[in-house]
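The sequence lines fix the lettering, A, B, ..., with proteins before strands; numbering per chain opens at 1.
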Amino acid sequence: MKSYTVAELLSSETLVQEVIVKGWVRTFRANRFIALNDGSTIHNIQCVVDFENTNEDTLNRIGTGAAVSIKGELVESQGKGQKVEVQVNEITILGDADQEEVSKTILQPKRHTLEKLREQAHLRTRTNTFSAVMRLRSSLSFAIHKYFNDNGFYYMHTPIITASDAEGAGETFRVTTLDPQNPPLDEEGNVDYSKDFFGKETNLTVSGQLEAETYAMSLGKVYTFGPTFRAENSNTSRHLSEFWMIEPEVAFMDLAGNMDLAEDFMKSVLSYILEHNPDDLAFLEDRLIQEDKSKPQAERSEMTLIEKLRFVVDNNFKRVSYTEAIDILRNSKPNKKKKFKYLINEWGADLQSEHERFLVEKHFKCPVILFDYPANIKAFYMRLNEDEKTVRAMDILFPGIGEIVGGSQREERLDVLKEKMAALNIPEEELWWYLDLRKYGTAVHSGFGLGFERLVMFATGMSNIRDVIPYPRTPLNAEF
RNA sequence: UCCUCCUUAGCUCAGUUGGUUAGAGCAUCUGACUGUUAAUCAGAGGGUCCAAAGUUCGAGUCUUUGAGGAGGAGCCA
């Protein structure tokens, strides 16, 4: 007899066949109806137990959370909530779940807050919300690899342990095997990292970009998709200490090409889940609609989850230069009425969250690509424009999320790059290999970084980034 | 790191001006019922009121400090 997943059974065309299905009991109602889930779909299959002919010990062991194996027949359901159900002939308890113990966990059949579920992250994928989110996360991962593979990119693994923090993307986590109680010291009394495992100071990567550039300059089109680490003490719903980043890098591509790539990429992966994960999206959409009902009218969203995804897929992202954006903001109502915490007065100011939000959510009401930022508020490796004031940088801003993509055309001219590094006191010795790219066959090239979890947030409508990664790492939190 | 708010039963919360034995719903257990859909009905058990110190005749309630959580800011993806 064949084993089937719940997803297979629910989409089965053939009725009245002998089946085996294994899963976890969600609820057991009226001593007769098991709602069984195995993670293959958001939906449960109803298994009907013939309780008159089942021994009482077994019946007592069918409780929320228990793992069971069921042999039976797939039949048309007599009830109204489902088309098919399994008429149970034989049930085996694979793993018991003591109901008194279950009642102390989030497995108890009732609603929980997301905060409570987070405390039991090892069990939260037994819930509808988290199983849906994590299936979508998996699906998006696949869609990303598929997109790049279909478009001639090579997948490249950049190192997780790196030696320099030259990019200055953030605080790093140190990697060392030195004894923290008694580290070797040099003559000046500082920790002597030449005695450390790698013979130098090392840390977890904050970005694979610089290494990806080296591969773009030989393989042409490459991307990385891996974990990234930032030791910033950020306590927000949009930051993690450990997160996954997608970083494509392409030779002979300028900033305009970079924007085209990023936009096409975003639309492609979101289309993929619209096509392949309709059930999970429908569930999450409904969840958000319910949540919205408890909010005041002004805070309710104008579009449903699926409408939002469709909107991004079907509409062009608005491309606006930094200079144009500043003009819009300077003449905006909140700026004139001094509603912004940081008022926009002159060109050169860094845009704050409130400004990005205004542009995306109030002014344009669609995803926005901002480009050509002032050089002094952006990283050293970005290509200086002919005006010598701006660099070929671009950020994609999404409603509700803020910055989701950050990218640029890279500075390919050796002399300009060296000047930039000198001005920022970045020692050339640390990045000799990066400078080599500009010595031997340099060329225009570009790339961007996309925070995977922010993409998953947008795709699922989850509002806290801790709820779209299996085991979130944030300051003071590494329980699992 | 800064600002604001929160912490009472397994969970979500109520708890009056500081006053006797701290309550409800859900969950759990026991029983009833049996084509249910967050099943229903009856009953029962379940509390270090986050921690410490203080004010007071008396603190879940007021004060201080600390811990944890959430939201926002900054940093960014």
hbond_proxy [X] side chain to [N] base (donor-acceptor, 3.5 Å cutoff):
| X | N | answer |
| --- | --- | --- |
| A/E100 | B/rG46 | no |
| A/Q108 | B/rG10 | yes |
| A/E232 | B/rU1 | no |

Between A/F452 and A/F225, is the gap from one ring center to the other below 6.0 Å?
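Yes, close enough.
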
Looking at [options], which one has an atom nearest to any side-chain atom of [X]?
| X | options | value |
| --- | --- | --- |
| A/R454 | B/rA27, B/rA77, B/rA73 | B/rA77 |
| A/F243 | B/rA77, B/rU12, B/rU36 | B/rA77 |
| A/H239 | B/rA27, B/rA77, B/rA39 | B/rA77 |
| A/Q99 | B/rG35, B/rC75, B/rC29 | B/rC29 |
| A/T236 | B/rG74, B/rU36, B/rA77 | B/rG74 |
| A/E85 | B/rA77, B/rA27, B/rG35 | B/rG35 |

Salt-bridge present ([X], [Y]; N to O < 4.0 Å):
| X | Y | result |
| --- | --- | --- |
| A/E354 | A/R357 | no |
| A/D98 | A/K104 | no |
| A/R454 | A/E403 | no |
| A/R174 | A/E201 | yes |
| A/R124 | A/D467 | yes |

Within the structure shown, what part of the strands sits under 4.0 Å from [X] by heavy-atom distance: base, sugar-phosphate, or nothing?
| X | value |
| --- | --- |
| A/R26 | nothing |
| A/K116 | sugar-phosphate |
| A/Q82 | base |
| A/N464 | sugar-phosphate |
| A/L476 | sugar-phosphate |

Return the nucleotide paired to [N]: Watson-Crick means purine N1 to pyrimidine N3 with N6-O4 or O6-N4, wobble means G-U with N1-O2 and O6-N3, both under 3.5 Å.
| N | result |
| --- | --- |
| B/rG18 | none |
| B/rU48 | none |
| B/rU63 | B/rA53 |
| B/rA38 | none |
| B/rG43 | B/rC29 |
| B/rA73 | B/rU1 |

A/R466 side chain N/O closer than 4.0 Å to the phosphate oxygens (OP1, OP2) of B/rG71?
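Affirmative; the distance criterion is met.
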
Within this structure, what is the CG-to-P distance between A/N60 and B/rU30, rounded to whole angstrom?
7 Å

